[in-house]
Protein chains: 2
Amino acid sequence: MFSIGELSRRTGVKIPTIRYYEQMGLIDAPERSEGNQRRYTKAGLQRLSFIHHSRELGFPIEDIKTLLELSQHPDKPCHDAHGIAVRHLGQVQRRIAKLRRLERELKRLSQCDGDTISDCAVIETLADHGLCETDH
Amino acid sequence: MFSIGELSRRTGVKIPTIRYYEQMGLIDAPERSEGNQRRYTKAGLQRLSFIHHSRELGFPIEDIKTLLELSQHPDKPCHDAHGIAVRHLGQVQRRIAKLRRLERELKRLSQCDGDTISDCAVIETLADHGLCETDH
DNA sequence: CTTGAAGCTATAGTGACTAGAGGGATTATA
DNA sequence: TATAATCCCTCTAGTCACTATAGCTTCAAG
């Protein structure tokens, strides 16, 4: 049995976020101490770790809810879980591609060696989309 | 002189977003027609393009405000604009690195070939952080 | 002159938290 | 045992950058 603070330390999820997850129905409301403080069990910790990890991987909360429900029915086909992961992979790959174009453009920007705004590549590039190296 | 709809079409910024930018003070309130509809000039279009492009590059609105102010004083040193771009480049590079770790993990996830939840790699991997290939 | 698309304001909702106020509980030390 | 320090409680509101909705008015084409 640990307090919310200890749960937070063990999982890396901030205290207000834990309470928020409880409110959102991602984790069950835990037992309380005599003084009305939350007391978590190991099961609660595992569930929160699952959530934390999934969030780190960028899964939205609704998807995590689905994954959690699925994980509670080990005899069901894993079809849906698989689908969520694949869909997410696609999104991540698109985000990477976009960011790499952006990186190239910013690298160019940050090499600006003008002294004043009037010949600063940053402003110029942002002002005129037509000057971009890449299309976005 | 064009309407908000035309401005939207020309810049790719959605109509409610244009009005939102006006409210946030990113763009000036334009002139109005007799019937109280917004009428934009070419200057307004250029400013909105600047904003749109900057947003696509992921600059937060506050940074864009600064960049816009800077661009209005072409005789000032471009120091700040340059700083904003460099700072942003760092953030982007960190985001890319994180996403690529994530991509590797998701690829592994999406190759799950279990039939039921109980041996689905997706659920398993999310449940046990210790199984991750990478540290995040 | 009518009709349908486009525009107006104002308010509320989104996602995933984060911050603050104003209090009560628990724990470590004197 | 007293007390101080730390932790925890609820509730409300704020963040960012939009997005959606409702109920109305205006514009442009035929």
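We name chains A, B, ... by the order of the sequence lines, and we start the count at 1 in each one. Computation of the quantities below employed the complete heavy-atom set of this structure, encompassing side-chain atoms and omitting hydrogens, waters and symmetry-equivalent molecules.
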Could you check how far CD of B:Glu6 sits from P of C:dA5, rounded to whole Å?
18 Å
To the nearest angstrom, how far is A:Glu31 atom CD from C:dA25 atom C1'?
18 Å
Closest heavy-atom pair, B:Pro60 versus B:Arg55, reported as atoms and distance to 0.1 Å, is CA-NH1, 4.0 Å
What is the distance, to the nearest angstrom, from the CE atom on A:Met24 to the C1' atom on C:dT14?
12 Å
Under-4.0 Å side-chain N/O to phosphate OP1/OP2 contact, B:Ser3 with C:dG7
yes
Take the protein atom CD1 of B:Ile18 and the nucleotide atom P of C:dT9, then report the distance between them rounded to whole Å.
13 Å
Nucleotides 10-30 of chain D: protein proximity per nucleotide (B base, S sugar-phosphate only, - neither; heavy atom, under 4.0 Å):
B------BBS------SS---
Are B:Glu62 and B:Lys65 within salt-bridge range, i.e. N to O under 4.0 Å?
yes
Indicate the atoms forming the closest heavy-atom contact of A:Leu7 with A:Phe2, along with that distance.
CD1-CE1, 3.9 Å
Can you measure A:Leu7 atom CG to D:dC8 atom P for me and round it to whole angstrom units?
10 Å
Walk me through whether A:Glu31 and A:Arg38 qualify under salt bridge (charged side-chain N to carboxylate O under 4.0 Å, His left out).
CA-CA 6 Å; A:Glu31 282 182 53; A:Arg38 289 169 180 81; over 6 Å; no
Residue pair A:Thr11 / A:His52: nearest heavy atoms and the distance that separates them
O-CD2, 3.0 Å
In Å and rounded to the nearest 0.5 Å, what is the CD to CD1 distance from A:Glu6 to A:Ile15?
11.0 Å
